[in-house]
Amino acid sequence: MLADSTSPIISSVSTRLCREVLPSSFLERQVELSILLPPARLAADAPYPVLYLNDGQDFERLHLQATLDALYAQGAVRPFVVVGMHANELRVQEYGTAGHPDFNGRGSLAGAYAQFVLEELLPFAQANYQVSASPAEAVMAGFSLGGLSAFDLVWHHPEAFARAGVFSGSFWWRKRAVGAGYTPADRIMHGLVRAGGLHPSHRFWLQVGTLDERGDRNENGVIDSVEDCLDLIDELIACGLDVQKALRYVQVEGGHHHPDTWGRVMPDFLIWAFGPVAGPSVLPAPLPVVRLQLDPKLAPAILSPSAPPVVPTAALVLPTSESAAGQPLPAALSLATHPNPAPMSLTRPADGDFLPYAAGYINLVPADADPREVLRAQPAEIHAVFADLSEEQAEKAYAPGKWSLKEMLLHQIDSERVFAYRAMRFARNDGQNLPGFEQDDYVAHSGANARSIVSLLAEYDATRAATVALFDSFTEEQLDRRGTANGGPATVRALLYIVPGHERHHLNIIRERYLPIL
């Protein structure tokens, strides 16, 4: 073990977290590792199965340790080790398909990352953490672009891994930009599967969320993330994959491209990968692998009427047999730590509740939508926009004199704070006239382009969490209170609609003016 590693806190009932720093000659950097060991009471002499997980810096956002503790307590998984590799600002270059960068040159270091995993990480974990060297006991997994990386590594290296877990994988990864002669044949991973060969040991767990994104390249009524995943499954089947034995496709209705969704569906993946020998038989039934019709009007429901009911993503039903310790197991494992607030009145703000310019924002919130739920859903869209961008791309403006994407994101953060502050003041019956602010001056002095995408997204997430908590706290009476800001009226209810509407306005601009040039 390295000198700067930290010793795990010994506990007989919970997982044990270790941290390491592994120098990589291939990546020319120090790679941080978060390692989760099984509870001490389950310690064994034989090598452990192992999960290598991209984006190991996100353990907390995924609530991974708490999820594992609950699964171990219920005897739902065998003892195994998790090795999480932290990504850094070069994530968009290190993840991808080895030897095959995308049309923008992203993934240029994916080959070096594969060498790091195979030649440095695996030997280190096997030598220091008693993990198995058998490919049958090694699983590689990841999220978004990290999921593409995991699939690529397993597909090309069955001598190291037999199974891959992919959460909302970036299977759109392509050789040509949309609008520049792109065809579905330009998707890189699909082509690699077509050109390669299926290994008898290959097993795949693939997950998508129906709200992963809103893009629909061919306008057939199926979002690209679903279609790209299903098309990849078609390629695997064409290679001879037995979908009944070697594939689990989990489509999360209402699932987002976000650690919250991935954390909630994590138990399904972990039981699939590390459950008892009969583990798959006790999992909730996944959605069937379906092919939707190209005409959206003819498209059947994602879940056919004859299919078993889907277990809600907030709860995973587990067997009720006794655990290894002889104690009855709970009937369900609930991963929802905070219940959703009670539905609020959908009464929209009326004329006179806001300045005229704000109507454009308010009208971007769908008529039948609870704006608080829109606030909860939007971070997935923001993260999806920035997930695969380089720092240089995020500092690019679509025209001279326009803001960069980083500047636009920080403007969104600044504006949300101002709107939420006004809402708090008015809800407390503060009658003082609040001043406006000059957005261009704020952006000019923000220093947004000197910051990393990671730091901006972290600030965005913190701001949004505070905004949601504030608006969740308001009563109907408080929502109808009003004040004066920027020389005009505003109710708390109007501000509740303005915040997500303002963000939707900028998301539309990003898709219409920025993404086409990246």
Side-chain angles (χ1 to χ4, degrees), residues 26-27 54-55 87 90-118 140-158 160-161 164-199 202 204-208 212-213 215-218 220 222-241 247 249 257 384-390 392-393 515-518:
F26 296 108
L27 297 178
N54 284 331
D55 285 311
L90 294 176
R91 177 181 185 275
V92 75
Q93 298 300 331
E94 292 181 354
Y95 290 168
T97 47
H100 300 274
D102 86 330
F103 68 93
N104 246 332
R106 293 169 291 194
S108 61
L109 298 176
Y113 186 75
Q115 288 180 291
F116 156 70
V117 170
L118 296 167
M140 184 82 187
F143 315 91
S144 189
L145 189 54
L148 175 68
S149 168
F151 187 98
D152 183 63
L153 272 161
V154 173
W155 179 257
H156 289 107
H157 297 283
F161 315 95
V166 181
F167 297 75
S168 300
S170 296
F171 292 130
W172 59 266
W173 201 245
R174 52 186 179 264
K175 295 181 288 186
R176 190 176 284 120
V178 174
Y182 166 84
T183 71
D186 289 316
R187 291 173 297 187
I188 294 173
M189 197 67 243
H190 298 70
L192 292 173
V193 170
R194 274 194 303 276
L198 183 73
H199 193 274
H202 272 147
F204 301 103
W205 184 96
L206 307 177
Q207 176 268 333
V208 293
D212 261 349
E213 60 174 332
D216 181 9
R217 289 186 301 263
N218 55 9
N220 67 346
V222 185
I223 62 171
D224 296 331
S225 56
V226 170
E227 189 159 32
D228 290 338
C229 188
L230 292 177
D231 285 347
L232 185 70
I233 291 172
D234 279 351
E235 298 291 354
L236 291 170
I237 293 172
C239 288
L241 185 79
L247 175 73
Y249 169 67
H257 197 95
V385 165
F386 287 88
D388 300 319
L389 296 182
S390 66
E392 181 181 6
Q393 287 174 312
L515 296 187
I517 67 169
L518 297 178

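For Y113, the side chain to side chain donor-acceptor pair (under 3.5 Å) partners at least two apart in sequence or on another chain are N54. In this structure, the side chain to side chain donor-acceptor pair (under 3.5 Å) partners of W205, at least two apart in sequence or on a different chain, are D268. With sequence neighbours left out, the ring pair (Phe, Tyr, Trp, His ring centres under 6.0 Å) criterion links F204 to F151, H202. In this view, T97 and W173 satisfy the side chain to side chain donor-acceptor pair (under 3.5 Å) rule, not counting sequence neighbours. With sequence neighbours excluded, no residue forms a side-chain contact (heavy atoms from CB on, under 4.5 Å) with A238. With sequence neighbours excluded, the residues satisfying side-chain contact (heavy atoms from CB on, under 4.5 Å) with Q393 are N104, R106, L389, S390, L518. Residues passing the salt bridge (Lys or Arg N to Asp or Glu O under 4.0 Å) test with R91, sequence neighbours excluded: D55. Residues satisfying the salt bridge (Lys or Arg N to Asp or Glu O under 4.0 Å) test with E213, not counting sequence neighbours, are none. For H190, the side chain to side chain donor-acceptor pair (under 3.5 Å) test picks out no residue, with sequence neighbours left out. Residues passing the salt bridge (Lys or Arg N to Asp or Glu O under 4.0 Å) test with D388, sequence neighbours excluded: none. With sequence neighbours left out, R187 forms a salt bridge (Lys or Arg N to Asp or Glu O under 4.0 Å) with D228, D231.
Closest of all the heavy-atom pairs between A164 and A150 is CB-O, 4.4 Å. The minimum heavy-atom distance linking C239 with W155 is given by the pair SG-CH2, 4.4 Å. Heavy atoms only, all atoms of each residue included: Y249 and C229 are closest at CE1-SG, 3.9 Å. A114 approaches A98 most closely through the heavy-atom pair CB-CB, 4.4 Å. Residues V208 and S225 approach most closely at CG1-O, 3.7 Å, considering heavy atoms.
Atoms CG and CZ, from L109 and F26 in turn, are 13.0 Å apart once rounded to the nearest 0.5 Å. L27 CG to L90 CG: the interatomic distance, rounded to the nearest 0.5 Å, is 8.5 Å. In this structure, CG on D152 lies 13.0 Å from OH on Y95, to the nearest 0.5 angstrom.
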Exercise for review: Give the intermediate values and the outcome of side chain to side chain contact (heavy atoms under 4.5 Å, CB included) for residues L148 and V166.
Suggested key: CA-CA 7 Å; L148 175 68; V166 181; over 6 Å; no
Point to revise | Evaluation steps, ring pair (Phe, Tyr, Trp, His ring centres under 6.0 Å), between F143 and F167 | key: CA-CA 5 Å; F143 315 91; F167 297 75; 4.8 Å; yes
Practice item. Please assess N220 against E227 for the test side chain to side chain contact (heavy atoms under 4.5 Å, CB included), listing each intermediate value before the final yes or no. Key: CA-CA 10 Å; N220 67 346; E227 189 159 32; 2.8 Å; yes
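The backbone N or O of I223 sits nowhere less than 3.5 Å from a side-chain atom of D216 that would complete a donor-acceptor pair. Under the 3.5 Å distance criterion, the side-chain polar atoms of S170 are matched with a main-chain donor or acceptor of L145. Q93 contributes a side-chain N or O that, together with a main-chain N or O of S108, makes up a donor-acceptor pair within less than 3.5 Å.
Residues W172 and D102 have side chains in contact (heavy-atom distance under 4.5 Å, counting atoms from C-beta outward). Using a 4.5 Å heavy-atom cutoff, the side chains of L192 and H156 are in contact. Looking only at side-chain heavy atoms (C-beta outward), L247 and I233 come within less than 4.5 Å of each other.
For the salt bridge (charged side-chain N to carboxylate O under 4.0 Å, His left out) condition, the pairs that include at least one residue of residues 167-181, sequence neighbours left out, are R176-D186.
Side-chain N/O atoms of S144 and H257 include a donor and acceptor closer than 3.5 Å.
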